Amino acid sequence: MQLLYIRYLACRTVEEIQCVAQTRRRNRCTSPLLTPETPAGIWTLLPASATRGQLSLPGAVMAVYGLTHLPYAEQLRWRAQRCPDHAASSTAADVAVTEWEPFDPLIHHEHIHTRLPALTRRQGQANLNRKATQSCPRTTR
């Protein structure tokens, strides 16, 4: 995923990324970030280039869900990992840590896909994607 011109790796598929805000019942919000009412990102093939001192993979391209064409406020909403309702309310606390990790093409090479994803997924394919992304790569913070 690319937002605010920085590439990140998420623990889930784009459709499954969920809000980190706390609800009134003190549970994690179950709303997704991507809703029919909000503008969507664009899947595109980009060079698997490095940023700021990282080594790059020569000649490699990767599928990236880009949000850089969206308004700045919408990109900040995604970066804060909040649904549209909780992005509007600054009083709701975060009950979970955002699940973004800065993407490094050498460390996360197994997540580089050279084809764009299909726009409509079959149920079996969605389950395969879910299994592949269940273990979230995390760095020590």
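Predicted model only: the values in this text are computed from it and were never measured.
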- Is Ile17 linked to Val95 within one hydrophobic cluster, defined over Ile, Leu, Val, Met, Phe, Trp and Tyr using a side-chain heavy-atom separation of less than 4.5 Å? no
- Note on the structure: NE2 (His86) and SG (Cys29) are apart, to the nearest 0.5 Å, by 5.0 Å
- Query: Side-chain contact, heavy-atom cut-off 4.5 Å: Val14 with Trp43?
  - Reply: yes
- Query: side-chain hydrogen bond (donor to acceptor under 3.5 Å, both in side chains) with Asp94: which of Arg82, Arg28, Gln81?
  - Reply: Arg82
- Query: Same cluster for Trp100 and Ile107 if Ile/Leu/Val/Met/Phe/Trp/Tyr side chains link at under 4.5 Å?
  - Reply: no
- Item | For the student: nearest non-hydrogen atoms of Cys83 and Ser31, plus distance | CB-CB, 3.7 Å
- Check the hydrophobic clustering (I, L, V, M, F, W, Y; side-chain heavy atoms under 4.5 Å; chains of links allowed) and say if Ile42 and Phe103 are grouped together. no
- Spacing of Arg77 atom CZ and Cys19 atom SG [to the nearest 0.5 Å]: 9.0 Å
- Distance in Å, Leu4 CG paired with Leu70 CG, rounded so as to fall on 0.5 Å steps: 10.0 Å
- Note on the structure: Between the OH atom in Tyr8 and the CH2 atom in Trp78, the distance rounded to the nearest 0.5 Å is 13.5 Å
- Query: How far apart are the closest heavy atoms of Gln2 and Val64, and which atoms are they?
  - Reply: CB-CG1, 3.6 Å
- Could you list the residues that satisfy salt bridge (charged side-chain N to carboxylate O under 4.0 Å, His left out) with Asp85, not counting sequence neighbours? none
- Query: Rounded to the nearest 0.5 Å, what separation is found between the CG atom of Leu33 and the CD atom of Glu74?
  - Reply: 9.0 Å
- Query: Residues two or more places apart in sequence or in another chain: which of them pass side-chain hydrogen bond (donor to acceptor under 3.5 Å, both in side chains) with Thr38?
  - Reply: Thr35
- Starting at NE2 of His108, measure out to CE of Met62 and round the result to the nearest 0.5 Å. 10.5 Å
- Can you get from Leu46 to Leu9 by hopping between Ile, Leu, Val, Met, Phe, Trp and Tyr side chains that sit under 4.5 Å apart? yes
